[in-house]
**Q** 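Structure provided below as structure tokens; questions to follow.
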Amino acid sequence: MTPKERAEKASAAMWASDKASPWIGMALEDIDEGTATLTLVVQEHHCNGHGICHGGIIFSLADSAFAFACNSRNQSTVAQHNMVSFIAPGLLGDRLSATASEVSLSGRSGIYDVRVTNQDDKTIAEMRGLSRSIKGQLFTE
């Protein structure tokens with residue numbers, strides 16, 4: 001099995017059990033070993049009292065991209081620590097994309113950077129996620 005095939009199979013298994021990401025309105029656009037891209041179109045129910053996309057929704061999109069990237073090797077992996085910086089507002093109707101990329105993987109610990117952009121490639125947020133692998137796999141190999 002190639003690394004991309006493994007990532008695709010792991011993401012399919014994860015997506016089948018993920019109730020939060022689809023419920024929020026996310027879509028898995030791309031997956032490969034150590035990287036993932038998820039998208040979300042900002043709708044009215046994603047907006048806060050300022051009429052912009054709620055930071056928690058943007059963080060959730062980034063966190064889900066991070067989760068798919070760090071589980072792409074079929075090793076169950078969870079977030080240990082995440083930090084997000086909001087750069088610009090996500091607006092109603094924007095198509096947000098969160099792309100997670102592996103920076104480092106050593107033993108059970110990983111570091112991932114996630115960039116959230118809009119349809120014009122404007123940066124909306126940046127997140128750094130620290131992962132920790134745990135027992136188990138998403139599918140039997």
Side-chain angles (χ1 to χ4, degrees), residues 1-50 52-141:
M1 179 177 311
T2 68
K4 179 153 181 77
E5 289 169 339
R6 180 173 289 107
E8 288 170 345
K9 194 165 181 180
S11 70
M14 222 170 109
W15 190 260
S17 297
D18 186 345
K19 304 306 178 204
S21 299
W23 179 79
I24 291 170
M26 298 177 204
L28 178 61
E29 296 292 328
D30 191 44
I31 186 76
D32 206 335
E33 185 176 80
T35 185
T37 299
L38 274 73
T39 59
L40 169 81
V41 175
V42 180
Q43 299 175 35
E44 285 186 358
H45 64 273
H46 297 130
C47 293
N48 63 20
H50 297 289
I52 59 176
C53 189
H54 192 288
I57 299 296
I58 295 169
F59 176 81
S60 293
L61 178 63
D63 185 53
S64 287
F66 161 68
F68 280 90
C70 67
N71 280 277
S72 63
R73 288 182 175 83
N74 193 31
Q75 173 62 52
S76 293
T77 305
V78 296
Q80 184 174 37
H81 175 78
N82 290 330
M83 183 186 82
V84 65
S85 297
F86 299 104
I87 311 300
L91 305 176
L92 181 64
D94 276 354
R95 182 177 189 274
L96 303 181
S97 297
T99 300
S101 302
E102 189 174 87
V103 175
S104 173
L105 184 61
S106 179
R108 294 176 50 207
S109 299
I111 301 172
Y112 295 79
D113 283 341
V114 185
R115 181 175 180 235
V116 180
T117 59
N118 68 9
Q119 65 280 354
D120 299 319
D121 202 36
K122 180 178 182 180
T123 301
I124 303 301
E126 295 275 352
M127 188 188 93
R128 173 150 281 191
L130 307 181
S131 69
R132 187 75 170 167
S133 63
I134 59 174
K135 291 181 182 178
Q137 294 180 311
L138 297 162
F139 66 92
T140 303
E141 283 194 77

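Predicted, not measured: the structure shown is a model, and the values here were computed from it.
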**Q** Is a side-chain N or O of Arg132 found less than 3.5 angstrom from the main chain of Val78, in a donor-acceptor match?
**A**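 Not confirmed, Arg132 side chain does not pair with Val78 backbone.
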**Q** What is the minimum heavy-atom distance between Trp15 and Met26, and which atoms define it?
**A** CH2-O, 3.5 Å
**Q** Are there more than 12 heavy atoms of other residues, nucleotides or ligands under 6.0 Å from atom NZ of Lys122?
**A** no
**Q** Tell me if a side-chain donor or acceptor on Ser131 pairs with a main-chain N or O of Thr77 at a distance below 3.5 Å.
**A**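 Judged by distance alone, no pair lies under 3.5 Å.
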**Q** CD1/Ile58 to CG/Leu40 distance, rounded to the nearest 0.5 angstrom?
**A**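 Reported to 0.5 Å precision, the distance equals 9.0 Å.
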**Q** Ignoring hydrogens and geometry, is there a side-chain-to-backbone donor-acceptor pair from Thr35 to Asp32 under 3.5 Å?
**A** no
**Q** Any ion pair linking Arg115 and Asp121 (charged N to carboxylate O, less than 4.0 Å)?
**A**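 Judged by the 4.0 Å cut-off on N to carboxylate O distance, Asp121 and Arg115 do form a salt bridge.
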**Q** Return yes when atom CD of Glu141 has more than 12 non-hydrogen atoms of other residues, nucleotides or ligands closer than 6.0 Å, and no otherwise.
**A** yes
**Q** Take atom NE2 in His50; do more than 12 heavy atoms of anything else shown fall under 6.0 Å from it?
**A** no
**Q** Is Glu33 salt-bridged to Arg6, cutoff N-O under 4.0 Å?
**A**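 Salt bridge between Glu33 and Arg6, a charged N being under 4.0 Å from a carboxylate O: no.
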**Q** Would you say the side-chain atoms of Asn74 pair up with the backbone N or O of Phe139, donor to acceptor, closer than 3.5 Å?
**A**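 Answer holds: yes.
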**Q** Checking the side chain of Gln119 only, and the main-chain atoms of Arg95 only, is there a donor and an acceptor separated by less than 3.5 Å?
**A**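 Side chain of Gln119 to backbone of Arg95: a pair is present.
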**Q** Whether the side chain of Ser106 engages the backbone of Ser109 through a donor-acceptor N/O pair (distance < 3.5 Å, no angle test) should be reported.
**A** no
**Q** Can you tell me if Asp18 uses its side chain to pair, donor with acceptor, with the backbone of Ala20 under 3.5 Å?
**A** yes
**Q** Does Ser76 use its side chain to pair, donor to acceptor, with the backbone of Gly136 at less than 3.5 Å?
**A** yes
**Q** Nearest heavy-atom pair of Val114 and Ala100: which atoms, and what distance?
**A**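 In terms of heavy atoms, the two residues are closest at CG2-CB, 3.7 Å.
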**Q** Identify the two heavy atoms, one from Ala98 and one from Val116, that lie closest to each other, and give their separation to 0.1 Å.
**A**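 The pair with the smallest heavy-atom distance is CB-CG2, 3.9 Å.
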**Q** Between Ser11 (side chain) and Glu8 (backbone), is there a donor-acceptor pair under 3.5 Å?
**A** yes
**Q** What pair of heavy atoms forms the shortest contact from Ser64 to Leu38, and how long is it?
**A**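 That would be CB-CD2, 3.6 Å.
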**Q** Indicate the atoms forming the closest heavy-atom contact of Gln75 with Asn71, along with that distance.
**A**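 Here Gln75 and Asn71 meet closest at O-OD1, 3.3 Å.
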**Q** Identify the two heavy atoms, one from His46 and one from Ile24, that lie closest to each other, and give their separation to 0.1 Å.
**A** NE2-O, 2.7 Å
